[in-house]
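In what follows, chains are A, B, ... by sequence order, proteins preceding strands, each numbered from 1.
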Amino acid sequence: MSVRVRYAPSPTGSPHVGNIRTALFNHLFAKRHGGTHIVRIEDTDRARYVEGCEEEIFESLVYVGVEWQEGPDKGGDYGPYRQSERKEAGIYRPHIDTLLESGAAYWAFDTSEELAEMREYQQINKQPIGYYGGVWRDAPASKAEEARSSGLPGVIRLKIPRDETIVIDDAIRGRVEISSNQVDDPVLIKADGMPTYHFAAMVDDHLMGITHVFRGEEWISSAPKHLVLIRALGWEPPVFVHVPVIKGKDGSKLSKRHGDTSCLDFRRGGYLGGALANFIALIGWSPGGDREVMTMDEMAEAFDIDGIQPSPGVFDLDKLNWLNGHTIRQCDTGDLAREVGEFCSTQENLDYWRAKDAPTAQAMGLLASTSAADPGYVAKAVALEQERVTNLAEFATACSFFFVDAPEMDQKAVDKWLGKPHVAEMLDEFAAFFQGKESTTIEECEGLLRDYQAKAGLEKLGPVVHPVRVALTGKTVGPGLFELMALLGPARIVARLSAAKRAYE
RNA sequence: GCCCCGGUGGAGUAGCGGUUAACUCGUCACUCUUUCACAGUGAAGAUCGCGGGUUCGAAUCCCGUCCGGGGUACCA
């Protein structure tokens with residue numbers, strides 16, 4: 001039988017990286033086995049539904065490179081792929097009927113107050129908390145019928161058997177046993193008529209022919225409910241793969257407090273989708289041995305459930321930064337320049353940075369407008385920074401001195417280098433050299449400065465290089481000086497050299 | 001409270017009965033160099049949560065214990 005897996009997000013918020021990692025595992029697994037990956041939207045909770053969220057889900061998937069073959073956007077033979085639509089289509093009804101008929105499920109009409117009271121009682125009496133029956137579990141059918149016809153709002157619950165050991169065969173952890181007395185009767189159909197996750201997901205997984213269910217570890221304790229349900233319907237359970245959670249630095253579940261966690265925020269932040277995917281896959285999964293840096297295809301080829309760890313991992317931004325920088329360095333320079341230009345001109349990214357770090361947003365705007373006017377110039381600037389940048393947004397700040405008329409001067413750098421006795425004269429000499437020239441080359445610039453060094457009898461190149469760098473870029477760090485000068489060109493060199501001299505006097 | 005899962009240097013992982021416990025990130029140093037970065041070399045950092053077993057031999061198997069996380073909703 002061919003592998004069919006599914007990523008089944010709930011549109012209740014922009015998917016975060018842990019969530020997308022589950023999608024990634026699904027994709028990797030499907031690809032590895034030549035199977036099918038389907039996306040199903042689990043929108044059964046109308047109260048928590050977030051408008052526009054579905055688009056963000058798909059955008060996130062595309063961003064990290066997760067592919068799927070069936071879904072609400074692509075169709076397929078097992079649709080519809082939104083649970084709300086499946087409910088409308090009456091897909092769940094026959095199954096709830098068979099459950100009701102066989103007595104595996106029952107109507108319950110407890111009010112929320114009664115339920116709260118019950119939990120409170122259980123709490124103080126140190127009993128397991130949950131719905132273990134009440135009056136409805138074993139009430140005669142006539143009583144439930146009566147309540148229904150009187151118009152009472154009710155739910156349908158699954159009747160969990162007593163005194164049984166339920167065995168979950170988790171693909172990562174192995175055999176997990178839970179006493180059925182520990183599991184309470186879950187609601188299958190809510191009072192509003194919508195199915196709950198417990199019911200809808202199991203029915204859909206079966207109907208869609210899902211063979212392996214990858215889901216978060218937090219589901220492991222409700223797996224017994226799912227098994228009882230599947231059994232009551234006379235179906236074969238899929239293979240359950242409960243993947244470990246991703247934690248923040250402090251050990252708690254990754255959340256907003258830990259900074260960016262939404263997948264799309266990483267895109268806005270300037271991280272390459274491929275790098276994020278690679279990094280995220282490595283939290284909890286390893287191909288074995290020392291392999292780490294991989295493309296999506298390489299990961300798919302190496303992917304294996306045995307390589308998934310049972311223990312949770314911490315999201316380490318430092319390592320993501322390294323990996324992102326590493327993949328930036330591997331990029332074809334032309335492609336990269338195009339990507340940086342596009343990144344900096346995307347409104348969404350600009351908005352993100354405006355809120356996070358305004359100067360960066362400003363630099364991005366500058367890069368974008370320069371790129372529109374002179375893409376070649378920007379591409380060369382990007383190439384010069386490729387080795388020293390860790391994310392796309394950083395190109396903007398690192399390159400900004402190329403694009404402004406007068407770079408912002410770092411006062412400390414100015415004080416350190418422009419005040420030296422020989423500097424004013426030296427800068428004058430260089431300015432005079434470039435005056436009126438059309439263009440220059442790396443070799444010419446290098447020759448000029450080295451000649452000066454020899455002529456002045458300086459032991460090191462530093463005293464000539466550093467002041468020039470500060471005068472030209474305003475900073476003490478950056479690409480090779482000669483490369484940078486060649487790109488800047490004579491006109492800009494002359495203007496900056498004289499401006500720097502003036503500014504210091 | 002009850003139940004479940006987990007625990008290898010600061011982080012991610014490899015190793016799954018015999019290794020000087022390996023690799024990557026991070027940290028520090030050195031090399032390269034006009035700076036920063038990149039790259040390269042090296043160092044510090046783990047008695048494999050702890051305590052008992054089993055075994056000639058345990059990170060690896062068993063039990064207990066502690067700590068961490070998760071679940072305990074008409075949320076997923």
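With respect to the salt-bridge test (charged N to carboxylate O, under 4.0 angstrom), the residues R82(A) and E54(A) qualify.
In terms of position on RNA chain B, the residue among G307(A) and D110(A) whose nearest nucleotide sits closer to the 5' end is G307(A). If you find the closest nucleotide of RNA chain B to R329(A) and to I308(A), the one lying nearer the 5' end belongs to I308(A).
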Distances under 3.5 Å only, N/O to N/O: pair up the protein atoms with those of nucleotides 1-11 of chain B.
unit_1 : atom_1 : unit_2  : atom_2 : d
G1(B)  : N2     : I129(A) : N      : 3.3
C2(B)  : O2'    : Q182(A) : OE1    : 3.0
C2(B)  : O2'    : Q182(A) : NE2    : 3.1
C3(B)  : O4'    : Q182(A) : NE2    : 3.0
C5(B)  : O2'    : R173(A) : NH1    : 3.0
C5(B)  : O2'    : E217(A) : OE2    : 3.2

Look for any protein N or O under 3.5 Å of an N or O in nucleotides 41-49 of chain B and output each such pair with its distance, or none.
none

Atom pairs, protein N/O to nucleotides 18-23 of chain B N/O, distance under 3.5 Å:
none

Subject >> Contact letters for nucleotides 27-32 of chain B, in which S counts primed atoms plus P, OP1 and OP2 and B counts the base, heavy atoms under 4.0 Å >> reply: ------

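Per the geometry, CG belonging to L323(A) stands 14 Å off C1' belonging to U13(B), to the nearest Å. Note: CZ (F401(A)) to C1' (C36(B)) measures 11 Å, nearest angstrom.
Looking at R388(A), its side chain has no donor and acceptor atom pair within 3.5 Å of the base of C38(B).
Partners of R48(A) by salt bridge (Lys or Arg N to Asp or Glu O under 4.0 Å), not counting sequence neighbours, listed by chain and number: D45(A).
Between A44(B) and A58(B), the distance separating the two P atoms is 27 Å to the nearest Å. If you take atom C1' in A43(B) and the same atom in C56(B), they sit 37 Å apart, rounded to whole Å. Rounded to whole Å, the separation between the P atoms of U34(B) and U8(B) comes to 46 Å. For the C1' atoms, the distance linking U60(B) with C16(B) amounts to 5 Å, nearest Å. Look at the P atom in both G45(B) and G9(B): the space between them is 15 Å, to the nearest Å. Taking atom C1' on both C48(B) and A59(B), the two are 4 Å apart, rounded to the nearest angstrom. Here the separation of G10(B) from C5(B), taken at their C1' atoms, is 24 Å to the nearest Å. Rounded to a whole angstrom, the distance from the P atom of A22(B) to that of A37(B) is 29 Å.
Contact annotation: R291(A) does not reach the phosphate of A14(B) (side-chain N/O to OP1 or OP2, under 4.0 Å).
Side-chain contact between F58(A) and W68(A) is present, with heavy atoms from C-beta onward closer than 4.5 Å. The side-chain heavy atoms of R469(A) and L484(A), taken from C-beta on, include a pair separated by under 4.5 Å.
Side chain of N26(A) to backbone of T22(A): a donor-acceptor contact under 3.5 angstrom is found. Judged by distance alone, the side chain of E164(A) and the main-chain N or O of S179(A) form no donor-acceptor pair under 3.5 Å.
Within residues 184-194 of chain A, the residues that place at least one heavy atom under 4.0 Å from RNA chain B are, in residue-number order, V187(A), K190(A), A191(A). Residues of residues 462-469 of chain A that place a heavy atom closer than 4.0 Å to RNA chain B, in numerical order, are V465(A), H466(A), R469(A). The stretch residues 472-488 of chain A touches RNA chain B through T476(A), V477(A), G478(A), P479(A), G480(A), L481(A), F482(A), E483(A), each having a heavy atom within less than 4.0 Å of the strand.
S112(A) comes within contact range of no nucleotide atom at all, as no heavy-atom separation falls under 4.0 Å.
Where pairing requires Watson-Crick or G-U contacts shorter than 3.5 Å, the helical stems of RNA chain B with at least three consecutive pairs are B:1-7 with B:66-72, B:10-13 with B:22-25, B:27-31 with B:39-43, B:49-53 with B:61-65.
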Would you give me the side-chain donor-acceptor pairs under 3.5 Å for residues 307-318 of chain A, sequence neighbours excluded?
unit_1  : atom_1 : unit_2  : atom_2 : d
Q309(A) : OE1    : S311(A) : OG     : 2.7
D316(A) : OD1    : D318(A) : N      : 3.2

Less than 3.5 Å apart, which donor and acceptor atoms pair up between the side chains of residues 270-279 of chain A and the rest of the protein, not counting sequence neighbours?
unit_1  : atom_1 : unit_2  : atom_2 : d
Y271(A) : OH     : N321(A) : OD1    : 2.6
N278(A) : OD1    : M294(A) : N      : 2.8
N278(A) : ND2    : E292(A) : O      : 3.0

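Judged as a salt bridge (charged side-chain N to carboxylate O under 4.0 Å, His left out), not a single pair has a partner in residues 109-118 of chain A (not counting sequence neighbours).
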**OP:** Walk me through it: do Y132(A) and Q122(A) pass the test side-chain contact (heavy atoms from CB on, under 4.5 Å)?
**Re:** CA-CA 11 Å; Y132(A) 294 92; Q122(A) 290 166 332; 4.1 Å; yes

